[in-house]
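Worksheet: the structure to be examined is printed underneath.
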Amino acid sequence: MASEQSTGGRIENIRHSLAHLLAAAVLKKYPKAKLGIGPVIENGFYYDFDLPEPLTPEDLKDFEREMRKMIGAKLLFSGEEVTAAVATKRMKGQKYKLELIKDFSKEDQKLTIYKTGDVFEDLCRGGHVADTSEINAEGFKLDSIAGAYWKGSEKNPQLQRIYGLAFANKNELEAFLKMREEAQKRDHRKLGKELQLFELVDEVGPGLPLFYPKGAILRRIVENYITELQESRGYQPIWIPHITKGELYKISGHLDKYDAMYPPMKLKDEADYYIKPMNCPHFMMLYKAQQHSYKELPVRWTCTTTNYRHEKSGELSGLTRVRSLTQDDCHVFARPDQIEPEINVMLDMIEEVYKKFGFNNFWVRISTRDPKNKDKYIGDEKVWQESEEALTRLIQKRGWKHEIGVGEAAFYGPKLDFIFKDVIGRDWQLSTIQLDMNLPKRFDLEYTDTDGSKKAPVVIHRAILGSTERFLGILIEHYGGAFPAWLAPVQVKIIPISEKHMAYAEKIKKELVGCRVEIASENETLGKKIRSAEKEKVPFLAIVGDKEMESGEVSLREHGGKDHGSVSVEKLKSLIK
RNA sequence: GCCGAUGUAGCUCAGUGGUAGAGCACUCCCUUGGUAAGGGAAAGGUCGUCGGUCCAAUUCCGACCAUCGGCUCCA
């Protein structure tokens, strides 16, 4: 079958039909090709093939040419419902299609075969144009080749996937390509180097970024902001070490579950130690080491600390997927009746943070139990039910865009994930709030209730930034490297017009105490120095020459060219804050 | 980890079976300039690493490492 159902607008039909034309073109060149699936996706389509040799970009040109020929030939799309026996016969030799026929028959799904003129037929649910004259031959482009596992499973053979872009016409296609090109200019990996924020060095290791002063300042500003916000909401900092006995992870159950843990290291003759890949167990042990009364709950602890995970090499990318990740981790130990108010406080903080950074485009996934499969989950039935309702209610009350992920909860509790959509339309998971009814049990956590009995608290895990590294990556792309003044590693660049004005520049710098200021001291023309500072994306340029020395002010230029005229140092300070 | 592509100076990139080149940046000299590139000179590379073929390898072949586009995964 060549598709997910695509009954929607015309563009889906065009994209889906193009997928069929691509398959036809590939079959023409490789008659023995085995076809996988070819669905419509955002901005286009793809089709998976099992081929005798790797494809090259030149092949894509050939396929495009062939597809355009077919478009010009005004081929008709027609479908018919068939029995499994007929489908099996018609798809003879197509082993993946035959597998699908079996799968669908088991599920009692109807089978349909669609023909494209007389050049191609495919097991497919339909959703096509009537004939190829509806397709604009200049509105599509074969985009890239990639490997993809059959049915998305690592255990299955890997097929070659051809991605195509498709739009109603050439203008729309070009607009998309242009937008993508612009987005690539904002790539945090490129900007991270250009703006001297961070570096990935072979000798240090993949996924282990090093931060230059400017990047480190940016990190610190963001982390301090979160730390202060948390402490203003009653969270208390704790601190934990970076290596720990394996025993701790036996208690938590992580030891045999995660192969991304680095192998243990032997400290002399002592037990095996691990570099910590997560913080929860440490929080649990610290809680457990003291006794707790219902009166002191909720206990709200937080720690911004780095974890080390052996993420698979092919998954690493810039700052967004790393092996050293710093979490703004927080665990709240609460009574069941405190779950809702505690989560509400977390939502307040998330709202405040997103507003501060201008992240308007986000949505929330509320992951709940699979009601058909309740045995899968541990924890108190009543707590599950009430907290799932509370999560949904709280999100709805704020009017935030959300989806219920039925059956997507962890076995130990429901969760909220906050997903931010960036300028290129990619989704990034930022904040997460998870209820945990498992770890308190495994660690035998308790508090003394009003009646003197010992009860297990509920733990709420929470991170707002997610990881500092990934957050910075997203932040760099979000602002295209042109940070607002409160975040900018350098807030003001003072540009003396000539060497005569250096002393005055130094004087202004002193007056801007508390601000992050640099002086452009290089022996260059004014135009050159402005150009350099603009490329560094410094928010404010303070130009000083004879006129300014006389007035005691600076000529202020904002990043991008906006002219503020002559302003006093005090005025400049107020603009920075 | 898997499929594919890529790896030449700090950066962006040319180029070649006979041990390499541009622009920008860096250093020095001249210039002291009013809102996005003033002029000149010098310096800078084991052509990702290791092996193989060859009289000769940066170039051809292999392995490895890293990066990129995807897939898979993400406590």
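Side chains are part of it too, since the values below use all heavy atoms of this structure and drop only hydrogens, waters and symmetry mates. Per chain, numbering begins at 1; letters A, B, ... match sequence-line order. No experiment lies behind these values; they were computed from the predicted model shown.
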Rounded to whole angstrom, note down the [atom1] distance from [N] over to [M].
| N | M | atom1 | result |
| --- | --- | --- | --- |
| B:G33 | B:G39 | C1' | 13 Å |
| B:C2 | B:A22 | C1' | 39 Å |
| B:G23 | B:G44 | C1' | 15 Å |
| B:A63 | B:A25 | P | 42 Å |
| B:G40 | B:A36 | C1' | 23 Å |
| B:A9 | B:A5 | P | 22 Å |
| B:A41 | B:U31 | C1' | 15 Å |
| B:A20 | B:U58 | C1' | 8 Å |

From the set [options], return the single nucleotide nearest to any side-chain atom of [X].
| X | options | answer |
| --- | --- | --- |
| A:Arg531 | B:A36, B:C2, B:A25 | B:A36 |
| A:Asn523 | B:U31, B:G38, B:C68 | B:U31 |
| A:Pro54 | B:G4, B:A36, B:U32 | B:G4 |
| A:Thr525 | B:G33, B:C71, B:C74 | B:G33 |
| A:Lys500 | B:C68, B:U32, B:G4 | B:U32 |
| A:Ile543 | B:A66, B:U35, B:G33 | B:U35 |
| A:Lys312 | B:U72, B:G34, B:G69 | B:U72 |
| A:Arg557 | B:A75, B:A36, B:G1 | B:A36 |
| A:Glu534 | B:A36, B:A75, B:C11 | B:A36 |
| A:Leu526 | B:U35, B:A66, B:U32 | B:U35 |

Just by distance, do the side chain of A:Lys34 and the backbone of A:Lys32 share a donor-acceptor pair under 3.5 Å? yes
Both A:Gly207 and A:Glu522 contact RNA chain B. Taking the nearest nucleotide for each, which residue is further toward the 5' end? A:Glu522
On RNA chain B, does the nearest nucleotide to A:Gln158 precede the nearest nucleotide to A:Tyr412 from the 5' side, or the other way round? Give the residue.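 Checking each residue's closest nucleotide, the 5'-ward one belongs to A:Gln158.
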base_contact_polar ([N] base, [X] side chain, donor-acceptor, <3.5 Å):
| X | N | answer |
| --- | --- | --- |
| A:Tyr46 | B:G70 | no |
| A:Arg321 | B:C73 | yes |
| A:Glu53 | B:G4 | no |
| A:Glu311 | B:C74 | no |
| A:Glu315 | B:U72 | yes |

Which nucleotide, if any, forms a Watson-Crick or G-U wobble pair with [N], using both distances under 3.5 Å?
| N | answer |
| --- | --- |
| B:G23 | B:C11 |
| B:G62 | B:C50 |
| B:C28 | B:G40 |
| B:A5 | B:U67 |

May I ask you to say whether [X] pairs ionically with [Y], meaning some side-chain N is under 4.0 Å from a carboxylate O?
| X | Y | result |
| --- | --- | --- |
| A:Lys312 | A:Glu154 | yes |
| A:Glu342 | A:Arg300 | yes |
| A:Arg186 | A:Glu477 | no |

Does [X] reach a base, just sugar-phosphate, or nothing at all? Heavy atoms under 4.0 Å.
| X | answer |
| --- | --- |
| A:Gln429 | nothing |
| A:Ala410 | nothing |
| A:Gly318 | sugar-phosphate |
| A:Lys529 | nothing |
| A:Gly527 | sugar-phosphate |
| A:Gly152 | sugar-phosphate |
| A:Glu203 | nothing |
| A:Ser555 | base |
| A:Asp563 | nothing |
| A:Ala146 | base |
| A:Pro206 | sugar-phosphate |
| A:Leu200 | nothing |

Does [X] make a side-chain N or O approach to OP1 or OP2 of [N] shorter than 4.0 Å?
| X | N | answer |
| --- | --- | --- |
| A:Lys528 | B:A25 | yes |
| A:Ser313 | B:G1 | yes |
| A:Tyr274 | B:A75 | no |

More than 12 heavy atoms from other groups under 6.0 Å of NZ on A:Lys29: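 Count over threshold, so yes.
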Looking at A:Glu247, I want to see if its CD is surrounded by more than 12 non-hydrogen atoms of other residues, nucleotides or ligands under 6.0 Å.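 Counting neighbours around CD of A:Glu247, 12 or fewer heavy atoms of other residues, nucleotides or ligands fall under 6.0 Å, so no.
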Taking the six-membered ring of A:Phe45 as reference, does the cationic atom of A:Arg15 (NZ for Lys, CZ for Arg) lie under 6.0 Å from its centre and within 45° of its axis?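 Pair A:Arg15/A:Phe45 does not count as cation-pi.
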Can a cation-pi geometry be assigned to A:Arg323 and A:Tyr262, taking NZ or CZ under 6.0 Å from the six-membered ring centre and within 45° of the ring axis? no
Which residues share a side-chain hydrogen bond (donor to acceptor under 3.5 Å, both in side chains) with A:Arg189, sequence neighbours left out: A:Asp187, A:Ser317
Can A:Tyr258 be called stacked on B:A75 when the rule is centres closer than 5.5 Å and an angle between planes below 30°?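 A:Tyr258 vs B:A75: stacking yes.
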Between C1' on B:A75 and OH on A:Tyr262, what's the gap in Å once rounded to a whole number?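 Distance, rounded to whole Å: 15 Å.
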Over how many whole Å does the gap from A:Arg323 atom CZ to B:C73 atom C1' extend? 13 Å
Under 6.0 Å between the ring centres of A:Phe198 and A:Tyr212?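 No - the distance between ring centres of A:Phe198 and A:Tyr212 does not fall below the 6.0 Å cut-off.
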